[in-house]
Amino acid sequence: MKIIQTNFHFLEPFEPLEKVQNIIVHHSSRKNMTAEQCHEFHQHKRGWSGIGYNYFIEKNGDIMEGRGQHVGAHAYGHNRSSIGICMTGDFDLEMPTNEQWTSFLWLSGYMMKLHDLHPHQVLGHRELEGVKKSCPGLLINLHEVRSQVMEYLQ
Ligand SMILES: [Zn+2]
């Protein structure tokens with residue numbers, strides 16, 4: 001599996017990540033949003049530099065690079081020390097595709113090795129303090145996510 005490089009134009013220079021403490025899981029909460037549409041949305045509607053996630057996983061499992069190994073804009077207070085992985089879809093209503101899930105496990109495993117992380121450091125966005133939204137979706141059981149990540153690593 002591989003990470004697909006994108007050539008999104010960001011408005012501000014990238015900043016290096018600090019010591020990565022977490023992987024934070026998100027959904028796009030929009031059923032068919034692509035990485036490119038997300039980039040446009042974050043830049044033009046949110047007024048950010050560009051796509052806020054470090055990586056974005058399409059329905060077909062393609063892993064698109066967003067901010068990569070640079071500071072993102074996806075989890076207030078945690079952007080400097082986490083990798084934000086977004087799977088596209090509205091997981092309040094639908095589950096990730098098998099292709100997305102396979103890619104997510106691979107990418108999480110890769111990031112965990114790169115940053116020396118353990119499964120308990122994989123968090124859903126809604127598990128962060130002060131977060132009111134359901135992200136990464138009501139259908140996603142984060143204990144199950146962590147145990148599948150652990151299983152994948154073994
Ligand atoms: Zn989120």
Side-chain angles (χ1 to χ4, degrees), residues 3-4 6 8 10-12 14-15 17-112 114-115 117-149:
I3 294 167
I4 298 169
T6 51
F8 296 149
F10 287 84
L11 301 178
E12 291 155 29
F14 282 147
E15 290 179 83
L17 283 164
E18 291 165 11
K19 168 77 185 120
V20 173
Q21 313 280 2
N22 297 104
I23 288 170
I24 300 178
V25 188
H26 302 268
H27 68 155
S28 67
S29 88
R30 286 166 175 80
K31 271 196 165 178
N32 295 306
M33 182 180 254
T34 64
E36 194 168 352
Q37 289 165 341
C38 184
H39 176 70
E40 297 278 306
F41 179 74
H42 283 176
Q43 197 167 74
H44 296 122
K45 296 282 191 301
R46 295 263 193 259
W48 299 341
S49 176
I51 188 169
Y53 305 114
N54 298 82
Y55 299 98
F56 188 100
I57 303 177
E58 306 283 11
K59 289 273 169 193
N60 68 1
D62 281 354
I63 301 170
M64 312 304 287
E65 188 170 62
R67 304 276 180 124
Q69 298 295 305
H70 303 95
V71 174
H74 59 93
Y76 185 75
H78 298 266
N79 290 317
R80 297 188 164 274
S81 61
S82 68
I83 298 285
I85 300 177
C86 179
M87 284 176 276
T88 195
D90 180 355
F91 306 151
D92 284 344
L93 304 169
E94 55 177 348
M95 288 296 281
T97 64
N98 290 334
E99 290 83 0
Q100 279 181 306
W101 192 248
T102 302
S103 294
F104 170 76
L105 289 175
W106 177 83
L107 182 62
S108 301
Y110 177 29
M111 291 298 129
M112 288 168 74
L114 193 61
H115 296 289
L117 302 175
H118 298 274
H120 70 270
Q121 290 166 292
V122 177
L123 299 176
H125 190 188
R126 69 167 176 267
E127 293 180 301
L128 303 176
E129 215 180 298
V131 175
K132 301 258 175 355
K133 45 190 179 184
S134 65
C135 186
L138 298 171
L139 299 179
I140 304 296
N141 176 332
L142 293 153
H143 299 286
E144 180 64 22
V145 170
R146 284 184 281 273
S147 74
Q148 286 204 31
V149 165

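First listed ligand is number 1; within each ligand, the first listed atom is number 1. All values reported here derive from a predicted model rather than from experimental measurement.
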Checklist line | NZ or CZ of R30 within 45° of F41 ring axis and under 6.0 Å | finding: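 Yes, a cation-pi geometry.
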Next item on the list: Would you mind naming the N, O or S atom of H125 nearest to the Zn ion (ligand 1)?
Entry: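 This turns out to be ND1.
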Note to self: Centroid separation under 6.0 Å, is that true for the rings of H39 and F10?
What the structure shows: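 They qualify: ring centres under 6.0 Å apart.
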Next item on the list: Decide salt bridge (charged side-chain N to carboxylate O under 4.0 Å, His left out) for E40 and K45; before the verdict, give the C-alpha distance in whole Å, the side-chain angles of both, and the deciding distance to 0.1 Å.
Entry: CA-CA 8 Å; E40 297 278 306; K45 296 282 191 301; over 6 Å; no
May I ask you to check if any N/O/S atom from [X] comes under 2.8 Å of the Zn ion (ligand 1)?
X    : result
H74  : no
H26  : yes
C135 : yes

Item checked: F56 and Y53 aromatic ring geometry - parallel, tilted or perpendicular at 30°/60° bounds -> tilted
